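The structure under discussion appears below in the form of structure tokens.
When reading the values below, keep in mind they use all heavy atoms of this one structure, side chains included, and skip hydrogens, waters and symmetry mates. Remember, it's 1-based here, ligands and their atoms both numbered in the order they're listed. Computed from a prediction, not measured in an experiment: that's the story for all the values here.
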Amino acid sequence: MRPFTYERAGDLSEASRLGANTGQGQTDAPVQFLAGGTTLVDLMKLDVLRPTRVVDISPLGADLAGVALTSRGLHLGALATMSKVAEHPDVRRAYPAIAESLSLAASDQLRNMASLGGNVLQRTRCPYYRDPSWEACNKRRPGSGCTAIQGYNHNHAVLGVDENCIAQYPGDLGVVLAAFDAEVELSGPSGARLLAFTSLHRPADGEPHLETNLRPGEVITGFNVPAGAWTRRSLYLKVRDRSSYEFALASAAVGLDMDGETVRQARIGLGGVAYRPWRSPEAEAVLVGKPLDEATAKAATDAAFAGAVTHGGNDFKPELGRRTLVRALLQAQSLPVSEAS
Ligand SMILES: Cc1cc2nc3c(=O)[nH]c(=O)nc-3n(C[C@H](O)[C@H](O)[C@H](O)COP(=O)(O)OP(=O)(O)OC[C@H]3O[C@@H](n4cnc5c(N)ncnc54)[C@H](O)[C@@H]3O)c2cc1C
């Protein structure tokens, strides 16, 4: 690991001041915030991330680790651990898809250490990104090319990719936050602001080294997830190469508001198959106003994967993604639903 300076932020304004030159959102940012460290330290050891300064924001956990359910929705502090939120009774009852996405992620040890803010900012698991001995990786070395396109791309993305990068977004929680209209609370040198979660991660757009729309020095302080009937009738289904301690090959976050057999509203997120946390308004639109059965579920999944682009090793993904989503929709339909609080 390369030498770096370590500093602890006592409060938010100190964090923003110390992080003001972060070049944040870029792979090669010279300053990085440290929360649980389970992505950051990993990638520093691999020599993928090379910050010269690490700003520890874990002391802010006293103020930024809360979980609160209100009539407007759910608030999650960015420094809450994955395990705390996964086990929280209000989250399990009113937002089961969020609890499931967290409890199906990583391992007990990692979930006890890792924060929600760090989770949504985790980096791709593309093997060419994570191994600097590969010269060509546009995400790591802008303009160098993409080894994965002609290489080993078994678990690469099929949605939202371009000719510069086919890296998969590997996280689980982000898929649910994208589907459920969540917003991100930010605090930075020029004050606080809110950002739609679907605008946090940038599309590939020829510049895959620019990963997020965070501004320099901005700390994620929390997430707001609105209330809606679909959050209670919700689930997260994750399909992977082995059944635990593994990233998704395909996953689906589904929330349904039903009027008898008919879909009043739907929320659909897709994971494991896309460049960034993926919401599918196309699939949602197919379902609204229709009875939910296998035929309508399949029609929705066809809409979701209409734009899929594969590269050989991941040719199986659109079909796996479709089947995952059909299963998730039919399972969500038959869920017993808790009363609104
Ligand atoms: C072996 C292994 C298996 C895993 N499996 C899964 C899985 O199946 N599913 C899944 O979803 N995840 C998985 N993960 C990823 C894991 O969930 C993340 O590493 C973890 O959530 C990151 O959180 P952290 O607090 O440790 O972040 P850190 O490592 O501290 O930070 C990660 C990044 O986010 C930035 N950051 C952190 N917090 C903030 C903030 N509040 N504001 C601004 N920037 C911030 C940091 O600067 C850094 O760039 C796995 C990880 C490992 C190592």
- Of all heavy-atom pairs between Gly174 and Pro277, which one has the smallest distance, and what is that distance? O-CB, 3.5 Å
- Query: Side chains of Asn224 and Leu194: does their closest heavy-atom pair fall under 4.5 Å?
  - Reply: yes
- ligand 1 and Ile220, any nitrogen or oxygen pair closer than 3.5 angstrom? yes
- Would you call the rings of Tyr128 and His156 parallel, tilted or perpendicular if under 30° counts as parallel and over 60° as perpendicular? tilted
- Message: Using a 4.0 Å cut-off to any heavy atom of Tyr245, which atoms of ligand 1 qualify?
- Response: 1 (C), 3 (C)
- Distance-only polar pair, side chains of Ser251 and Tyr236, donor-acceptor under 3.5 Å: yes
- Message: Rounded at 0.5 Å granularity, tell me how far CD in Gln331 sits from CG in Leu256.
- Response: 11.5 Å
- Message: Heavy atoms only, cut-off 4.0 Å: how does Asp42 contact ligand 1, side chain, backbone, both, or neither?
- Response: side chain
- Message: Within the 4.0 Å heavy-atom shell around Gly171, which atoms of ligand 1 are there?
- Response: 11 (O)
- Item | Geometric N/O contact Thr38 with ligand 1, under 3.5 angstrom | yes
- Message: Is there a polar contact, in the sense of an N or O pair closer than 3.5 Å, between Gln32 and ligand 1?
- Response: yes
- Query: Between Pro208 and Lys139, what is the shortest heavy-atom contact and its length?
  - Reply: O-NZ, 3.0 Å
- Counting heavy atoms under 4.0 Å, the part of Val41 that contacts ligand 1 is neither
- Mind checking whether Leu110 and Tyr245 have side chains closer than 4.5 Å, heavy atoms only? yes
- Task: To the nearest 0.5 angstrom, please state how far the CG atom of Leu237 sits from the CZ atom of Arg323.
- Result: 13.5 Å
- Task: Check if Leu173 has a non-hydrogen atom at a distance under 4.0 Å from any atom of ligand 1.
- Result: no
- Message: Any nitrogen or oxygen of Leu121, side chain or backbone, less than 3.5 Å from one on ligand 1?
- Response: no
- Identified side-chain hydrogen bond (donor to acceptor under 3.5 Å, both in side chains) counterpart of Gln168 within the set Asn153, Asn155, Asn314: Asn155
- Message: With a cutoff of 4.0 Å, is Lys238 in contact with ligand 1, counting heavy atoms of the residue only?
- Response: yes
- Query: If you measure every N/O of Val219 against every N/O of ligand 1, is any gap under 3.5 Å?
  - Reply: no
- Should the proximity of Glu246 to ligand 1, defined as any heavy atom under 4.0 Å, be assigned to the side chain, the backbone, both, or neither? backbone
- Message: Taking side-chain contact (heavy atoms from CB on, under 4.5 Å) as the definition, give me every residue that meets it alongside Arg8, ordered by chain and number, with sequence neighbours left out.
- Response: Tyr6, Asp56, Pro59
- Query: Backbone, side chain, both or neither: what part of Arg123 comes under 4.0 angstrom of ligand 1, heavy atoms only?
  - Reply: side chain
- Query: Mind checking whether Asn119 has an N or O less than 3.5 Å away from an N or O of ligand 1?
  - Reply: yes
- Message: Is there a polar contact, in the sense of an N or O pair closer than 3.5 Å, between Phe33 and ligand 1?
- Response: yes
- Task: Indicate yes or no: does an N/O atom of Gly37 lie under 3.5 Å from an N/O atom of ligand 1?
- Result: yes
- Item | Heavy-atom pair of closest approach, residues Ser187 and Ser16 | O-OG, 3.6 Å
- Task: Below 4.0 angstrom from a heavy atom of Phe247, which ligand 1 atoms are there? Numbered from 1 as shown, please.
- Result: 3 (C), 4 (C), 5 (N), 6 (C), 7 (C), 8 (O), 12 (N), 13 (C), 14 (N), 50 (C)
- Best match, Arg125, Gln109, Gln122, Met82: closest heavy atom to atom 10 (C) of ligand 1: Gln122
- Query: Heavy-atom contacts under 4.0 Å between Thr221 and ligand 1: side chain, backbone, both, or neither?
  - Reply: neither
- Which of the atoms in ligand 1, numbered in the order shown and given with their element, are less than 4.0 Å from a heavy-atom of Leu40? 29 (O)
- Message: Could you tell me if Asp42 and Thr39 have a donor-acceptor pair between their side chains, going purely by distance under 3.5 Å?
- Response: no
- Nonpolar side-chain network containing Leu249, other nodes, edges under 4.5 Å: Val239, Phe316, Leu320
- Find all atoms of ligand 1 within a distance of less than 4.0 Å from any non-hydrogen atom belonging to Ala35, and give their numbers and elements. 25 (O), 30 (O), 37 (C), 38 (N)
- Looking at Ile57, which atoms of ligand 1 are within less than 4.0 Å of one of its heavy atoms? 38 (N), 39 (C), 40 (C), 41 (N)
